[in-house]
Amino acid sequence: METIKTRFAPSPTGHLHVGGARTALFNFLIARQAGGTFLLRIEDTDRSRHDESAIAKICEDLRWLGIEWDEGIEVGGPNGPYRQSERLDIYRRYLRRLLDEGRAYYAFDTAEELDAMRERSRAETGGFRYPRPERFAGEEEAERARAEGRPVVARIRCPDTDVTVADESFGEITIPAGEQEDFIIQKADGYPTFYLANVVDDELMGVNFVCRGQEFLDQTWRQAVLREALGFREPRLLHLPLIMDRHGRKLSKRDGDVDVHAFRRAGYLPEALVNFIALLGWRPGGDREKFTPAELVQEFKTERLSKANARFDREKLLSFNTDALAAAGEDRLLAALKDYLSLHSTPIPAGDDALLRAVLRACRGIRTFADLVAKCEVLFGPDDAFQYDPQAVAKVLEKGAGYETLAELRPRLAATDWTAEALEALLEAYGVEKGLKMGKIAQPLRVAVTGSTVSPSIYETLVFLGKEKTLVRISRCLAERSAG
RNA sequence: GGCCCCAUCGUCUAGUCAGGUCUAGGACAUCGGGUUUUCAUCCCGGUAACAGGGGUUCAAAUCCCCUUGGGGUCACCA
């Protein structure tokens with residue numbers, strides 16, 4: 001049995017999209033599980049949509065997710081180059097062969113002419129298929145057309161027989177001879193279309209298992225036609241259900257950030273994203289839904305792929321992330337937090353591991369690293385930079401005896417040891433003495449030193465701050481009161 | 001519109017292929033309650049679904065057909 005070789009072949013238009021990440025993940029899992037090879041190829045045959053920086057972004061996003069490829073862009077391999085724009089001569093050789101054998105032909109229609117033909121034909125018969133010329137134009141005519149400034153494309157001559165492709169998830173799909181159109185395989189700019197380049201590369205690179213989104217299913221026959229014309233082998237085919245947004249429409253960037261990188265920036269853990277993405281179209285069966293990356297390699301089964309569309313549920317992703325954060329060990333959290341901080345500008349000292357570990361411990365229960373920053377940021381910033389939240393001030397300081405409590409507490413704080421234990425003892429003793437519940441003590445303090453009602457436990461908050469900054473901030477709070 | 005695909009709580013799904021054990025299970029969301037110095041976490045409990053109609057069968061969420069609904073695709077984009 002031949003070793004399985006899968007690939008992910010994105011076109012470089014920006015950061016990796018969650019849909020692309022899902023396709024990459026499944027191809028990766030299929031290869032890993034079979035002890036096969038996973039390849040990464042860049043399909044950059046559309047010069048108008050090309051974004052050179054996107055290649056590095058996609059690679060970075062994949063690596064962040066833990067999806068490593070064995071062969072392809074950036075890592076090399078025996079079948080390169082791995083970007084199609086560097087393989088143009090190869091596609092031309094195959095096109096030449098098709099042309100010489102009468103399996104392909106030149107066409108010179110302009111976009112406007114084609115639009116007109118389509119419009120007329122659809123009005124009359126409801127459909128449109130490019131009318132194959134009686135006689136195929138040769139090189140001389142192509143030259144002449146080019147000289148006249150007309151576009152010159154190459155179209156494949158479809159066979160006059162039905163074409164059937166066998167998909168492992170959706171079954172056999174047959175396209176009757178009468179519904180096949182002589183589609184374009186080389187564009188007027190000399191670049192191959194996706195159909196040609198994709199098929200040639202899969203053959204040359206030894207890809208024998210194609211797994212991609214269902215939006216490709218209805219045009220798989222085109223690749224089958226090309227493979228047949230070129231004498232290529234047919235790979236195993238597996239199409240994945242589509243990923244929909246919350247409204248049930250195909251997931252698009254309009255629905256908010258659906259780039260993997262956006263989730264990284266938002267403070268998500270890659271293992272949570274991977275786990276969640278794995279469930280988009282894959283049904284493990286039973287009640288289990290939490291899987292580590294290693295378990296995914298172990299448990300993933302192509303037989304358990306769904307045919308129904310999956311929905312991208314951000315709420316559930318958030319919940320997965322919350323759980324993953326709670327389940328992760330401190331070393332793992334530290335590394336992930338540092339990655340997060342490296343992407344943002346915050347006053348939290350990203351280089352101080354001991355401090356970061358303490359912050360992590362103080363922030364158990366966060367849902368994303370963004371929560372952690374929102375909660376602790378002000379503790380590490382300047383004492384005079386943060387604003388006092390008017391609502392917090394009104395509710396916690398002005399409504400009760402908040403200011404009085406602060407004024408009374410300040411000298412006691414100034415005289416105590418600065419440890420969580422000592423602070424706890426001090427505040428509790430004060431509470432007993434005054435007959436106050438901890439809420440009446442902790443909240444005024446919290447607002448005084450952070451400007452808001454949200455921070456880690458009051459003891460940890462004060463310890464992070466240090467005695468000096470705590471006293472400065474309490475003074476500032478009291479001063480702002482008198483200032484009105 | 002042609003062709004293709006899909007259909008269990010609001011969402012993802014277990015169960016469907018091998019019909020009975022399903023008064024339909026879980027998770028997320030939601031609602032109620034609890035723990036707690038804030039937020040978040042956590043704990044307990046509740047509401048909530050087999051799209052509709054025909055068959056087949058002793059028996060159907062499970063098999064068949066139709067209807068309805070949803071999605072995809074029909075590019076010199078991939």
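Small disclaimer: the values here were computed from a predicted structure and weren't measured. Just so we're on the same page: letters track the sequence lines, and every chain starts at 1. No hydrogens, no waters, no symmetry mates; every other heavy atom, side chains included, goes into these values.
Using the Watson-Crick or G-U wobble rule with both distances under 3.5 Å, B:U16 pairs with nothing in any strand shown. Under the Watson-Crick or G-U wobble criterion, with both distances below 3.5 Å, B:A7 is paired with B:U68. Under the Watson-Crick or G-U wobble criterion, with both distances below 3.5 Å, B:C39 is left unpaired in every strand shown. Under the Watson-Crick or G-U wobble criterion, with both distances below 3.5 Å, B:A29 has no partner in any strand shown. Using Watson-Crick or G-U wobble geometry with both donor-acceptor distances under 3.5 Å, B:U57 finds no partner in any strand shown.
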Legend entry - Check against ring pair (Phe, Tyr, Trp, His ring centres under 6.0 Å), A:W221 and A:Y195: CA-CA 10 Å; A:W221 68 271; A:Y195 308 114; 8.3 Å; no
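Distance CZ (A:F312) to C1' (B:A29): 16 Å, rounded to an integer number of Å. The distance between atom CG of A:N321 and atom P of B:U41, rounded to the nearest whole Å, is 12 Å. Summarising the geometry, the separation between CD1 on A:I58 and C1' on B:A78 is reported as 12 Å, rounded to the nearest angstrom. Look at NZ on A:K301: it is 21 Å from P on B:C17, rounded to the nearest Å. Separating the CE atom of A:M117 from the P atom of B:C76 is a distance of 11 Å, rounded to the nearest angstrom.
Taking atom P on both nucleotides, B:G20 is separated from B:C63 by 11 Å, rounded to a whole Å. Of the P atoms belonging to B:C44 and B:A49, the separation is 24 Å, rounded to the nearest Å. For the P atom pair drawn from B:C66 and B:C5, the interatomic distance equals 13 Å after rounding to whole Å. For the C1' atoms, the distance linking B:C12 with B:A18 amounts to 26 Å, nearest Å. As rounded to the nearest Å, B:C22 and B:C39 have C1' atoms that lie 42 Å from one another. Taking atom C1' on both B:G45 and B:C58, the two are 40 Å apart, rounded to the nearest angstrom.
A:D109 comes within 4.0 angstrom of a nucleotide base, judged by non-hydrogen atoms across all strands. Here A:R304 lies in heavy-atom contact (under 4.0 Å) with sugar-phosphate atoms only. Looking at heavy-atom distances under 4.0 Å, A:S457 makes contact with a base. Counting any heavy atom pair closer than 4.0 Å across all strands shown, A:P241 reaches no nucleic acid atom. In this structure, A:F216 reaches the bases: a heavy-atom distance under 4.0 Å links it to at least one base atom across the strands shown. Contact annotation for A:Y195: base contact, defined as any heavy-atom pair under 4.0 Å involving a base atom. Contact annotation for A:A188: base contact, defined as any heavy-atom pair under 4.0 Å involving a base atom. If you check every strand for non-hydrogen atoms under 4.0 Å, A:D371 touches nothing. Among the atoms of the strands shown, base atoms are found under 4.0 Å from some heavy atom of A:P151. Residue A:K375 is in base contact, counting any heavy-atom pair closer than 4.0 Å across all strands shown. Contact annotation for A:T453: base contact, defined as any heavy-atom pair under 4.0 Å involving a base atom. Using a 4.0 Å heavy-atom distance criterion, A:R47 is classed as making no nucleic acid contact. Within the nucleic acid shown, A:Y459 comes within 4.0 Å of at least one base atom, counting heavy atoms only.
If you check B:U16, B:U38, B:G71 against the side chain of A:V454, the one that comes closest is B:U38. Comparing B:A27, B:A14, B:A78 by their nearest atom to the side chain of A:E289 picks out B:A27. Checking B:A29, B:C77, B:U41 against the side-chain heavy atoms of A:S319 singles out B:A29 as nearest. Among the nucleotides B:A7, B:G26, B:C77, the one closest to any side-chain atom of A:T193 is B:C77. Distances from the side chain of A:E315 to the nucleotides B:C6, B:C28, B:A14 place B:C28 closest. Of the candidates B:U73, B:C28, B:C5, B:U73 carries the atom nearest the A:E215 side chain, counting heavy atoms from C-beta on. Of the listed nucleotides (B:U38, B:G71, B:A75), B:U38 has the atom at the smallest distance from the side chain of A:R446. Taking every side-chain heavy atom of A:A308 into account, B:C6 is the closest of B:G71, B:C6, B:U13. When each of B:A78, B:C5, B:A40 is scored by its nearest atom to the side-chain atoms of A:F194, the top-ranked nucleotide is B:A78. Distance from the side chain of A:D218 is smallest to B:G72 among B:C42, B:G72, B:U16.
In terms of heavy-atom proximity, A:T419 sits nearest to A:V463 at C-CG2, 4.0 Å.
Below 30°, between 30° and 60°, or above 60°: for A:F108 and A:Y106 the angle between ring planes is below 30°, a parallel geometry.
Annotation for A:Q391: atom CD does not count as buried by contact number, only 12 or fewer foreign heavy atoms lying within 6.0 Å.
Between A:Y268 and A:Y340, a ring centre-to-centre spacing not shorter than 6.0 Å is recorded.
Proximity of A:K316 to the phosphate of B:U30: no side-chain N or O atom is located under 4.0 Å from OP1 or OP2. A sub-4.0 Å separation between OP1 or OP2 of B:A78 and a side-chain N or O of A:R212 is absent. Between A:K395 and B:U38 there is no side-chain polar atom (N or O) within less than 4.0 angstrom of OP1 or OP2. Look at A:R283 and you'll find a side-chain N or O under 4.0 angstrom from OP1 or OP2 of B:A14. Side-chain nitrogen and oxygen atoms of A:K307 include at least one within less than 4.0 Å of the OP1 or OP2 phosphate oxygen of B:C6. Within the 4.0 Å cut-off from OP1 or OP2 of B:C12, at least one side-chain nitrogen or oxygen of A:R311 is found. At least one side-chain nitrogen or oxygen of A:T45 sits closer than 4.0 Å to the OP1 or OP2 atom of B:A78.
Looking only at distances, a side-chain donor or acceptor of A:W418 sits under 3.5 Å from a matching main-chain atom of A:L462.
With hydrogens and angles left out, the side chain of A:N309 and the base of B:G71 share no donor-acceptor pair within 3.5 Å. Side chain A:R364 to base B:U41: no donor-acceptor pair is found below 3.5 Å.
Legend: residues meeting side chain to side chain contact (heavy atoms under 4.5 Å, CB included) with A:R47, ordered by chain and number and at least two apart, are A:D189, A:Y191.
Ion pair A:E139/A:R96 flagged as a salt bridge, since at least one NZ, NE, NH1 or NH2 atom sits closer than 4.0 Å to an Asp/Glu carboxylate oxygen. In this structure, A:D287 does not pair ionically with A:K290, as no charged nitrogen and carboxylate oxygen lie closer than 4.0 Å.
Summary of the strand contacts: A:L242 and A:F320 both lie near RNA chain B, and taking for each the nucleotide with the nearest heavy atom, the more 5' one is attributed to A:F320. Where A:I366 and A:I173 meet RNA chain B, the nucleotide closest to each residue was compared, and A:I173 sits on the side nearer the 5' end.
Tested against A:F28 for a side-chain contact (heavy atoms from CB on, under 4.5 Å), the candidates A:F38, A:W69, A:F8 yield a single pass: A:F38.
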